[in-house]
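One structure is given below, encoded as structure tokens.
As the structure is a computational prediction, the values presented were derived from the model and not from experiment.
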Amino acid sequence: VVAPPAEGAAIGDLGWVEPPWSLMVRILGPVEVCDRMGAVASFERSKALELVVWLSQHRDRSTRTAARTALWEIDVRDATFANVVSDARRALARLSANVDDDEWIPRTLTEQLPMHHNVVTDADLLRMRFEHARTQCAADAIHTLRPGLELVRDQVFFGTGYLWTDAEGVTSQLTVLVTSATSVLAGHYLALGDIDGVFW
């Protein structure tokens, strides 16, 4: 497990600060949820973990109906869905208490099923680093990009059978992100004559 940087820590002296987060949904490899120390959440139901992953990819349209449609091929009972949501809440709460005293998946009286902003994904952090590195010289871009690519552990969503990730193009988008960031980083290493960096 790659130890994440301290919350709000600047990357070198490049003027870029990683946004604060408490829980990370790891999807650039085997899927799991961990805290800043690397401890991993334990879910009683596999669907509860899948729900957390789905929520992390649909922050702007995370409704109960959309989640049920994505995670189940057939109509699922209300009680079953409620149990999955409760398991997801419990698993995240056991892993870490929210500093805001809010639930990681807040309760609502509407169709909305939001997730707290202090939950990020490894892909979110890599994407932010990649975008920031576009404006930097080779040496600075290396310092920005490499920690993001260190979060990549295997193929995107490795070991899962989630149907919605392929159907919605999520897997392809994240694979392009990883390969693009890797290509740019290798190019910067090559420009500086760092062959070990290129092979890394």
Side-chain angles (χ1 to χ4, degrees), residues 1 4 7 19-128 151-175 177-178:
V1 174
E7 184 169 354
W21 59 271
S22 299
L23 299 181
M24 179 190 292
V25 182
R26 306 188 78 186
I27 55 180
L28 303 180
V31 172
E32 63 185 19
V33 181
C34 67
D35 64 12
R36 297 194 67 88
M37 301 304 294
V40 177
S42 176
F43 294 83
E44 295 176 10
R45 298 172 172 84
S46 61
K47 282 293 184 186
L49 173 57
E50 184 177 359
L51 174 64
V52 172
V53 174
W54 185 88
L55 290 173
S56 76
Q57 298 302 300
H58 298 83
R59 290 181 181 271
D60 58 340
R61 56 188 188 282
S62 55
T63 64
R64 297 174 188 276
T65 299
R68 292 168 69 147
T69 301
L71 271 62
W72 283 271
E73 296 181 15
I74 58 176
D75 191 26
V76 63
R77 295 170 52 234
D78 291 344
T80 299
F81 182 71
N83 287 337
V84 167
V85 175
S86 295
D87 180 27
R89 285 196 180 105
R90 287 194 302 271
L92 298 182
R94 283 195 301 267
L95 179 62
S96 175
N98 194 335
V99 293
D100 296 336
D101 291 328
D102 294 331
E103 290 183 302
W104 294 114
I105 304 176
R107 299 173 192 272
T108 67
L109 299 177
T110 67
E111 257 284 285
Q112 298 303 309
L113 191 63
M115 190 160 65
H116 198 277
H117 60 83
N118 278 340
V119 182
V120 301
T121 71
D122 47 8
D124 292 334
L125 298 182
L126 175 57
R127 185 178 294 108
M128 286 184 279
L151 296 173
V152 180
R153 296 161 295 137
D154 210 307
Q155 296 178 23
V156 176
F157 300 115
F158 180 80
T160 67
Y162 302 162
L163 299 179
W164 57 271
T165 55
D166 289 331
E168 298 179 14
V170 178
T171 302
S172 298
Q173 292 169 15
L174 294 178
T175 300
L177 169 65
V178 172

Any chance you could measure [X], atom [atom1], to [Y], atom [atom2], to the nearest 0.5 Å?
X    : Y    : atom1 : atom2 : answer
I27  : Q155 : CD1   : CD    : 14.0 Å
Y162 : Q57  : OH    : CD    : 11.0 Å
L174 : T165 : CG    : OG1   : 9.0 Å
W21  : D124 : CH2   : CG    : 11.0 Å
L23  : M115 : CG    : CE    : 9.0 Å
W72  : E50  : CH2   : CD    : 8.0 Å

E111 atom CD, over 12 foreign heavy atoms within 6.0 Å: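 Count over threshold, so yes.
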
Does Q112, at its CD atom, have more than 12 non-hydrogen atoms belonging to other residues, nucleotides or ligands within less than 6.0 Å?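 More than 12 within 6.0 Å, yes.
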
Check for a donor-acceptor pair, side chain of S56 on one end and backbone N or O of V53 on the other, with a separation under 3.5 Å.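 At least one qualifying donor-acceptor pair exists.
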
Counting N and O atoms only, with roles assigned by atom type, does the side chain of R64 sit under 3.5 Å from a partner on the main chain of T110, one being a donor and the other an acceptor?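 Yes.
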
Please enumerate all residues that pass ring-ring contact (aromatic ring centres under 6.0 Å, His included) together with H116, with sequence neighbours excluded.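 In terms of ring-ring contact (aromatic ring centres under 6.0 Å, His included), with neighbours along the sequence ignored, H116 is linked to W104.
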
Can I get a per-line list of side-chain donor-acceptor pairs under 3.5 Å for residues 39-46, giving both atom names and the distance, sequence neighbours left out?
none

Looking at side-chain heavy atoms only, is the closest gap between K47 and T80 below 4.5 Å?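 Contact flag for K47/T80 side chains = no.
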
Listing request: all salt bridge (charged side-chain N to carboxylate O under 4.0 Å, His left out) pairs with a residue in residues 152-169, at least two apart in sequence or in separate chains.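 Non-adjacent pairs meeting salt bridge (charged side-chain N to carboxylate O under 4.0 Å, His left out): E32-R153.
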
Apply salt bridge (charged side-chain N to carboxylate O under 4.0 Å, His left out) to D78 and list each qualifying residue two or more places apart in sequence or on a separate chain.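 By the salt bridge (charged side-chain N to carboxylate O under 4.0 Å, His left out) rule, D78 matches R68.
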
L126 and L151: CA distance, side-chain angles, deciding distance, side chain to side chain contact (heavy atoms under 4.5 Å, CB included) verdict: CA-CA 8 Å; L126 175 57; L151 296 173; 5.6 Å; no

Run the side-chain hydrogen bond (donor to acceptor under 3.5 Å, both in side chains) test against S62 and tell me which residues pass, sequence neighbours left out.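 So S62 forms no side-chain hydrogen bond (donor to acceptor under 3.5 Å, both in side chains) with any residue.
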
Sequence neighbours left out, what passes side-chain hydrogen bond (donor to acceptor under 3.5 Å, both in side chains) with D87? Give chain and number order.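 Partners of D87 under the side-chain hydrogen bond (donor to acceptor under 3.5 Å, both in side chains) test: none.
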
For the residue pair P20 and N118, what are the closest heavy atoms and their distance?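 That closest heavy-atom pairing would be O-OD1, 3.9 Å.
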
Least distance between heavy atoms, L95 atom then V33 atom: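 Looks like CD2-O, 3.8 Å.
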
